[in-house]
Amino acid sequence: TLRQRPESRAQTDLHLLAAACSRHLLSHRGTALTSPSYTTDQHQPTNTQQQHISRSLAPLAAAMEFTNFIRVPRIPNVLLADGPGLNTLVRGEICLTGHHLIFAAEAKEIQILYNSIDYTEKKVLPGKGVLVLLRCKTSQPLWLLLSNEDYYATLMFTIDNLAMPVSLDWLFSFCFQLRFNSDEEVQLNSVDFWNLFDCQAEIERMGVPMTSWRISDINAKLEFCPSYPAHLVVPRDVDDSILMDIAKFRDKRRIPVVSYFHKRNKVPLIRCGQPLAGSGKRLYEDERMFRSILDACPKTVTRGLIVDARTAAETAIDRGKGGGIEDSKMYFNWTVVNGAMADLRTLYDSFIKHIEAVQDTSSGSFQARLDAAGWSRHVQTALSTSVVVAFNLHREAMPVVVHDGNGWDRPLLVSSLAQVMIDPYFRTILGFSMLIEKEWLECGHPFSRRHSHFGDRSARSRDRSPVFQLFLECVWQIMQQFPCAFEFNEHFLISLGDFSTTAQFGTFLCDDMKERQAARLSTRTTSVWAFFAQQSERRRIENPLFEAIHDWIKPSSRPQNIAVWLRCYGRFTFTQEQHEEMDVLVRFLADQRKAVRHEVELLMREVEGATAETAAASAAEAGAEAEGETEADAAATGSGNGGGSSAGAGGSGIVGGGKDESMLGGDQLDTPADLSLAGSTAGEAAPETGISALAQDILEALEAESPSPRKVAASASASDALAFQ
């Protein structure tokens, strides 16, 4: 029962009861498993049962610790408000469990993971109580009116200790267990969702020429650079001893490695950490590495581009701390530019202001509040920087190196967006999942620090930053400009953002692959890709308008093309009924279009078959006419030699009979092909324009006969119908 999310107050009571008695259970755990009833051959637990017992006791152990932070399991007489104005109030009570804060009322229940709470605000209302705002990382606001200060202190004590627990093992992902339905359980349980990404397969897909590049196993044990994957693609003439020297010169030992390889142009996208140049320091091996990158490219490539994602001011500050940027005088044939992306703290402050501006329903200028937040400017900068990288890779056939300070935040954002623009594979559901695995998980984006999953609370404000959320929003902005280019829809992006912050799945836990292996997440938690592999979720995240674009896409980063993601940031404030109704209409039309296209394909095959039959019949007729003429000539020759006129008449009759039989005998022309062949002379093949015109007529006829989607969405209002038109 503890492995299931509590969905009612009865289950909540059971959860608290189990937490209260867990201390007694665990105190006897050692003797219980070795008691005579378990040590006899008849009752000895199997390995599977032992693992099940072990995993079942893990949440109980955490629950035992949680009881120390839950002073009162229930807070009665709580009012749920729709905002600071207290316009709509719902009376209920708060239930505090080991992982969830639950607001329970007669007609409403809200469950919130402690780990999803970002910050709280308090406002004392004389004569009414204490108004508390719980702002979640998922942008969900929860306004609670408590009756007195004591309840507020009790609630804050629990939230302060469990919103960011000190131990990784306390997180809900270690208790959560995904249950598949019976139809797909066998198939999905056989898939290893923790090892979907295959480095070798990706290298082959990108077409990396191994005559110029090689796979280095210097990081096979994740000790050379814990934030890098086990296999690194580097120029062939750079051996591992040189990589060891370069690691000392690059921040966090993040040496320049291939992130993506352009299959047609044979040029790489490289990411790394900043050079520790300080005040004029240089390293010959590092400079040689950059020359080797150019040498590994085709001979026509003579220059490269280095994109520093930081602003020039931030670069100067980092130079004073021992960091810096490459000097074009030392790195020959490389152009260095700044991407001008904001620092992590600025991103976080702007993100919080943006959410508050979107959810602010008070009077005033909505656009002015958004401009003051400045989040859209960060989206513009990220998109424009990524367009520069994609343009130079795809159009200019130039190798590009991207870094900032430590190399595990903004470079991953820029390189991922550039790959989405260039490679249509990364615009599919599988490809996008592999992109996140390759660029964000294996390359060391510190998810736990950026989302405050667990650890030192004093570092919470310093390390918190929505870099991954910025990436998801930039992808959404591209989707708005190219709505048919992606196999997935915005539900996929929203869910990924929620799961990365709430730590419900183990995929986004820890800061690098070495920590994930040490925590044994693959055996103790559930992968988020298993969740999306379910048929119900797959249909929910699929884009019904998907039409693969096999070329690169170039989004605009102009201010007028940057939209507000209301479906994500305003979903808890504004009604989503219109969005849901439009989803139904779009999916209905997509299904109709698919059915119509299938019908058109069948009819076109029928038309082509009828055309081929008619052409064959015409050819046979022409052959019969030619044979008849030959026989007539022979008969005429015989008549001239005294053969008589009856032979000529008989010959003429045979020819005439043959012709009449060819034209009138048989019904092969009684097909839809008659429409396209009307007006053609005997023996002529139907022109291609006729078939296309027929297909167009069929398409229009089927669309005219198809039922109106308004009948399906009968609840749509007049405004919705107008919007649909």
Visitor: Please tell me whether Phe499 and Phe508 form a close aromatic pair, meaning their ring centres lie under 6.0 Å apart.
Guide: no
Visitor: With sequence neighbours left out, what residues match Val90 under side-chain contact (heavy atoms from CB on, under 4.5 Å)?
Guide: Leu80, Phe103, Ala105
Visitor: A side-chain contact here means heavy atoms from C-beta on lying under 4.5 Å apart; do Asn489 and Ile541 qualify?
Guide: yes
Visitor: Step by step, would you call Cys474 with Val379 a side-chain contact (heavy atoms from CB on, under 4.5 Å)?
Guide: CA-CA 6 Å; Cys474 289; Val379 175; 4.1 Å; yes
Visitor: Measure the shortest side-chain to side-chain distance between Arg571 and Ile494 over non-hydrogen atoms and say whether it is less than 4.5 angstrom.
Guide: yes
Visitor: Which pairs count as salt bridge (charged side-chain N to carboxylate O under 4.0 Å, His left out) when at least one residue sits in residues 379-392, sequence neighbours excluded?
Guide: none
Visitor: Verify whether the ring centers belonging to Phe351 and His378 lie closer than 6.0 Å.
Guide: no
Visitor: Please report the closest heavy-atom contact between Ser557 and Leu383, naming both atoms and the distance.
Guide: CB-CB, 4.0 Å
Visitor: I'd like to know if the side chain of Ser173 reaches the main chain of Phe505, judged simply by a donor and an acceptor atom lying under 3.5 Å from each other, with no hydrogens or angles considered.
Guide: no
Visitor: List for me each residue that meets side-chain contact (heavy atoms from CB on, under 4.5 Å) alongside Asp371, sequence neighbours excluded, and say none if there are none.
Guide: Gln367
Visitor: Of the non-hydrogen atoms in Gly506 and Leu521, which two are nearest, and what is the gap between them?
Guide: O-CD1, 3.5 Å
Visitor: Is there a donor-acceptor contact under 3.5 Å from the side chain of Ser416 to the main chain of Leu413?
Guide: no
Visitor: Please assess Ser500 against Trp440 for the test side-chain contact (heavy atoms from CB on, under 4.5 Å), listing each intermediate value before the final yes or no.
Guide: CA-CA 11 Å; Ser500 68; Trp440 295 87; over 6 Å; no
Visitor: Of all the heavy-atom pairs spanning Leu145 and Gly129, show the shortest one and how long it is.
Guide: CD1-C, 4.2 Å
Visitor: Mind checking what makes side chain to side chain donor-acceptor pair (under 3.5 Å) contact with Lys122, not counting sequence neighbours?
Guide: Glu149
Visitor: What pairs meet the salt bridge (charged side-chain N to carboxylate O under 4.0 Å, His left out) rule with one or both residues in residues 433-448, with sequence neighbours excluded?
Guide: Arg271-Glu439
Visitor: Mind telling me whether His445 and Phe447 have parallel, tilted or perpendicular rings, with 30° and 60° as the class edges?
Guide: perpendicular
Visitor: Does Arg516 use its side chain to pair, donor to acceptor, with the backbone of Leu509 at less than 3.5 Å?
Guide: yes
Visitor: Between Asn392 (side chain only) and Val388 (backbone N and O only), is there a donor and an acceptor less than 3.5 Å apart?
Guide: yes
Visitor: Rounded to the nearest 0.5 Å, how far apart are CD1 of Ile562 and CD of Glu473?
Guide: 8.5 Å
Visitor: Heavy atoms, side chains only, cut-off 4.5 Å: are Thr507 and Phe193 in contact?
Guide: no
Visitor: Do Asp349 and Arg345 meet the salt-bridge criterion of a basic N to acidic O distance under 4.0 Å?
Guide: yes
Visitor: Please walk me through it: do Tyr119 and Ile352 pass side-chain contact (heavy atoms from CB on, under 4.5 Å)?
Guide: CA-CA 10 Å; Tyr119 64 91; Ile352 295 300; 3.6 Å; yes
Visitor: Are a donor atom and an acceptor atom from the side chains of Asp409 and Ser465 found within less than 3.5 Å of each other?
Guide: no
Visitor: From Thr315 OG1 over to Gln274 CD, what is the distance, rounded to the nearest 0.5 angstrom?
Guide: 8.0 Å
Visitor: Do Leu142 and Cys136 touch side chain to side chain, with heavy atoms closer than 4.5 Å?
Guide: no
Visitor: Mark yes or no for whether Arg567, through its side chain, and Glu490, through its backbone, hold a donor-acceptor pair below 3.5 Å.
Guide: no
Visitor: Leu134 and Thr120: side-chain contact (heavy atoms from CB on, under 4.5 Å), yes or no, with the steps?
Guide: CA-CA 5 Å; Leu134 305 181; Thr120 62; 3.4 Å; yes
Visitor: Applying ring-ring contact (aromatic ring centres under 6.0 Å, His included), can you list everything that pairs with Trp529, at least two apart in sequence or on another chain?
Guide: none
Visitor: Rounded to the nearest 0.5 Å, what separates atom OG in Ser448 from atom CG in Asp511?
Guide: 5.0 Å
Visitor: Return the orientation label for the Phe468 and Phe471 ring planes: parallel under 30°, perpendicular over 60°, tilted otherwise.
Guide: tilted
Visitor: Between Gln534 (side chain only) and Phe531 (backbone N and O only), is there a donor and an acceptor less than 3.5 Å apart?
Guide: yes
Visitor: Using the test side chain to side chain donor-acceptor pair (under 3.5 Å), find all partners of Arg377 that sit at least two apart in sequence or belong to another chain.
Guide: none
Visitor: For Thr158, enumerate each residue passing the side-chain contact (heavy atoms from CB on, under 4.5 Å) test, keeping only those at least two apart in sequence or located in another chain.
Guide: Ile70, Leu96, Tyr114, Leu162
Visitor: Going by the rule side chain to side chain donor-acceptor pair (under 3.5 Å), which residues pair with His451 if we only count those two or more places apart in sequence or in a different chain?
Guide: none
Visitor: So does Arg450 get a backbone contact from the side chain of Arg464, meaning a donor-acceptor N/O pair under 3.5 Å?
Guide: yes
Visitor: How long is the span from the CG atom in Leu470 to the CG atom in Leu347, to the nearest 0.5 Å?
Guide: 6.0 Å
Visitor: Output yes when a side-chain donor or acceptor of Ser147 lies under 3.5 Å from a complementary backbone atom of Asn77, and no otherwise.
Guide: no
Visitor: At their closest point, which heavy atom of Phe157 faces which heavy atom of Asn161, and how far apart are they?
Guide: O-ND2, 2.6 Å
Visitor: If you compare all heavy atoms of Asn561 against all heavy atoms of Ser556, which two are closest, and at what distance to 0.1 Å?
Guide: ND2-OG, 2.6 Å
Visitor: Tell me, please, which residues at least two apart from Tyr152 pass ring-ring contact (aromatic ring centres under 6.0 Å, His included).
Guide: none
Visitor: Any side-chain to backbone donor/acceptor pair from Asn338 onto Arg310? Under 3.5 Å, distance only.
Guide: yes
Visitor: Quick one: pull up CZ in Arg449 and CZ in Phe454 and give me the separation to the nearest 0.5 Å.
Guide: 10.0 Å
Visitor: Over 60° means perpendicular and under 30° means parallel, so tell me whether Phe532 and Phe492 are parallel, tilted or perpendicular.
Guide: perpendicular
Visitor: Identify every side-chain donor-acceptor pair in residues 423-433 under 3.5 Å, counting partners at least two apart or on other chains, and give the distances.
Guide:
| unit_1 | atom_1 | unit_2 | atom_2 | d |
| --- | --- | --- | --- | --- |
| Asp423 | OD1 | Tyr425 | N | 3.0 |
| Asp423 | OD2 | Arg205 | NH1 | 3.1 |
| Asp423 | OD2 | Arg205 | NH2 | 2.9 |
| Asp423 | OD2 | Tyr260 | OH | 3.2 |
| Arg427 | NH1 | Val420 | O | 2.7 |
| Arg427 | NH1 | Met421 | O | 3.3 |
| Arg427 | NH2 | Ile549 | O | 2.7 |
| Arg427 | NH2 | Asp551 | O | 3.0 |
| Thr428 | OG1 | Tyr425 | O | 2.6 |
| Thr428 | OG1 | Gly431 | N | 3.0 |
| Ser433 | OG | Ile429 | O | 2.8 |

Visitor: Say you draw a straight line from CD of Gln111 to OG1 of Thr97; how long is it, rounded to the nearest 0.5 Å?
Guide: 8.0 Å
Visitor: Glu537: what forms a side chain to side chain donor-acceptor pair (under 3.5 Å) with it, not counting sequence neighbours?
Guide: Arg540
Visitor: Any non-hydrogen side-chain atom of Asn543 less than 4.5 Å from a side-chain atom of Glu487?
Guide: no
Visitor: Looking at every heavy atom in both Ser139 and Cys568, which two are closest together, and how far apart are they?
Guide: OG-O, 3.4 Å
